[in-house]
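Below, chain A is the first sequence line, B the second, and so on; all start at residue 1. Computed from a predicted structure; not experimentally measured.
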Number of protein chains: 2
Amino acid sequence: MKSAKTKYVILGLLSESALSGYEIKRIIDIRFHFFWNESYGQIYPELKSLTKSGLIQSMPCEGAVQGKVKHALTESGRSVLMEWLAEPVEKESVRFELLLKMYFSKELEAGIMIRHLTDFSDSHRRQLDILEQFQRELAIIGDPAGNHKDILQVISFGEKVYRAYLDWSAEAVAYLKGREKT
Amino acid sequence: MKSAKTKYVILGLLSESALSGYEIKRIIDIRFHFFWNESYGQIYPELKSLTKSGLIQSMPCEGAVQGKVKHALTESGRSVLMEWLAEPVEKESVRFELLLKMYFSKELEAGIMIRHLTDFSDSHRRQLDILEQFQRELAIIGDPAGNHKDILQVISFGEKVYRAYLDWSAEAVAYLKGREKT
DNA sequence: GGGACCATGTAAATAGTTACATGATTAA
DNA sequence: TTAATCATGTAACTATTTACATGGTCCC
């Protein structure tokens, strides 16, 4: 874990527009759902440290409703972001408890494993629907910043991978049903 | 992170045969490479704690070469494993730095992003080859324990997902090459 | 006035990696 | 004899989650 990425996710999001910590969290939860996650416990301390090192600038929100703070990227923040973008990508990290269970399931009742698989399948079917809806929305609204295509490319990854999940889980269920009968 | 899974991976592997810590690590690195990982810093302390709580039994290796220790599952270990197998699966965790970079790459030179994508593609192509080779090996050797089919089912997941990665990265490279030319 | 959601934050615990120390065995 | 690999382990560090505290706003 050479370096935490929280820093760069924040920098990246702020490169498009000034945001509050809460908004950053929401965007990650919704838009990055299928390939990233961060918790408040990482975001807020990181925002503080980025402000201290001058990579972002933080000012109370204009409407000044409550303690709400907007954070904006500084020039040095932008150059740190660009440097990171150019660096080689570290290997993705992936952990599927489901596959562990599948691997060890020899003595497990097939019905239980089938249940795990259908839960998996259902939840990814829902995620796929959300992705497709987001895709349609992007197509409808205009593209003033001209970055829809990059975003669509990222969504396309989610679609392809989720379809692979669904394809696999159908296959695995079929296999287990066969095993069950014998 | 309700509970660490290291415990169950170990229990699962020991349910098939007695193993040393080193062997456990190797199996995870090789066979589970595409969906799991553990470090020695997790494995050895966990082996100690599992021994203390009686879920596994540890005895010096027969050949008694050096400090080598074999660990075997106990009856209570087996029942803890079976309980865990039946419990609902927690959501997988997945983190793709590549997609983060893709998402923020609007102002990045296309060539750099293409390089990231080809690195990604190359490494997963190699992984896919390894998976396919392992699959062929399983087909050749016999299946005394009768668990090859479950293992093949898990490998099939890796294949489908890796193919989706390769498919996507080709598409993404094509898109970026188009963007580059304009 | 209550529930949903907006909003910021921290402390403690847990999880996980990395770097190191140590030494045996095997094969070139 | 040297390099690779087998083998066990720990300490320090880093990353991440979880649970909590606090209070505002919006709408029914």
Side-chain angles (χ1 to χ4, degrees), chain A residues 1-10 13-14 18-30 32-33 35-52 56 58-71 84 90-97 100, chain B residues 1-10 13-14 18-30 32-33 35-52 56 58-71 84 90-97 100:
Chain A
M1 202 157 297
K2 206 158 287 168
S3 65
K5 311 280 165 24
T6 312
K7 177 178 167 179
Y8 301 108
V9 191
I10 293 175
L13 288 174
L14 297 184
L19 297 167
S20 68
Y22 189 81
E23 287 167 328
I24 289 169
K25 168 71 170 150
R26 280 195 89 243
I27 292 175
I28 294 169
D29 282 352
I30 295 169
F32 294 178
H33 181 260
F35 68 90
W36 206 264
N37 69 292
E38 297 287 349
S39 61
Y40 287 124
Q42 289 165 273
I43 292 170
Y44 283 110
E46 191 61 51
L47 282 170
K48 228 172 220 183
S49 121
L50 287 171
T51 305
K52 202 155 59 184
I56 64 173
S58 311
M59 55 281 212
C61 211
E62 304 160 40
V65 215
Q66 55 201 139
K68 191 173 174 178
V69 179
K70 281 264 178 189
H71 306 273
W84 170 74
E90 280 177 46
K91 206 197 163 308
E92 72 271 7
S93 85
V94 164
R95 277 186 150 200
F96 280 84
E97 194 191 343
L100 237 32
Chain B
M1 202 159 296
K2 207 158 288 170
S3 65
K5 313 280 163 27
T6 311
K7 177 176 168 181
Y8 301 108
V9 190
I10 294 175
L13 287 174
L14 297 183
L19 298 167
S20 68
Y22 189 80
E23 288 167 327
I24 289 169
K25 167 72 171 149
R26 280 194 90 245
I27 293 175
I28 294 169
D29 282 354
I30 295 170
F32 294 177
H33 181 260
F35 69 90
W36 206 263
N37 70 292
E38 296 288 349
S39 61
Y40 287 124
Q42 289 165 271
I43 292 170
Y44 284 110
E46 191 60 50
L47 282 170
K48 226 171 222 186
S49 122
L50 286 170
T51 305
K52 203 157 56 182
I56 65 174
S58 309
M59 54 280 212
C61 211
E62 302 160 42
V65 217
Q66 55 200 139
K68 192 173 171 177
V69 179
K70 282 263 180 191
H71 306 272
W84 171 73
E90 280 176 45
K91 205 199 165 303
E92 71 271 8
S93 88
V94 164
R95 276 184 152 200
F96 281 84
E97 194 191 344
L100 236 32

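- Rounded to whole Å, the distance from CD on E46(B) to P on dT8(D) is 16 Å.
- Residue R95(A) places at least one side-chain N or O closer than 4.0 Å to OP1 or OP2 of dG16(C).
- In this model, the phosphate group of dT10(C) is approached by a side-chain N or O of K48(A) to a distance below 4.0 Å at OP1 or OP2.
- Q42(B) places its CD atom 17 Å from the P atom of dA11(D), with the value rounded to the nearest Å.
- At least one side-chain heavy atom of F35(A) sits less than 4.5 Å from a side-chain heavy atom of L100(B).
- A side-chain donor-acceptor contact under 3.5 Å links T6(A) and Q42(A).
- Residue N37(B) places at least one side-chain N or O under 4.0 Å from the OP1 or OP2 atom of dT17(C).
- Atom OH of Y44(B) and atom C1' of dT17(C) are 16 Å apart (whole Å).
- Both P45(B) and Y40(A) lie close to DNA chain D; mapped to their nearest nucleotides by heavy-atom distance, the more 5′-ward contact belongs to P45(B).
- The side-chain tip of K25(A) points at the ring of Y40(A) from less than 6.0 angstrom away and within 45° of straight on.
- At dT8(C), one or more side-chain N or O atoms of S20(A) fall inside 4.0 Å of OP1 or OP2 (strictly under the cut-off).
- Considering OG of S39(A) and OH of Y44(A), their distance stands at 11.5 Å, rounded to 0.5 Å.
- Closest to the T6(A) side chain, of the nucleotides dT16(D), dA15(C), dT17(D), is dT16(D).
- With rounding to whole Å, Y22(A) atom OH is found 15 Å from dT22(D) atom C1'.
- As rounded to whole Å, 15 Å separates atom C1' of dG23(D) from atom NZ of K68(A).
- Rounded to an integer number of Å, the gap from K25(B) NZ to dT8(D) P is 13 Å.
- Rounded to whole angstrom, the span from the CD1 atom of I43(A) across to the C1' atom of dG9(C) amounts to 12 Å.
- Looking at E38(A) and R95(B), a side-chain N of the basic residue comes within less than 4.0 Å of a carboxylate O on the acidic one, giving a salt bridge.
- Counting to the nearest Å, the C1' atom of dC6(C) and the CD1 atom of I24(A) are 15 Å from each other.
- Within the 4.0 angstrom heavy-atom criterion, only backbone atoms of the sugar-phosphate kind lie near G21(B); the bases stay farther away.
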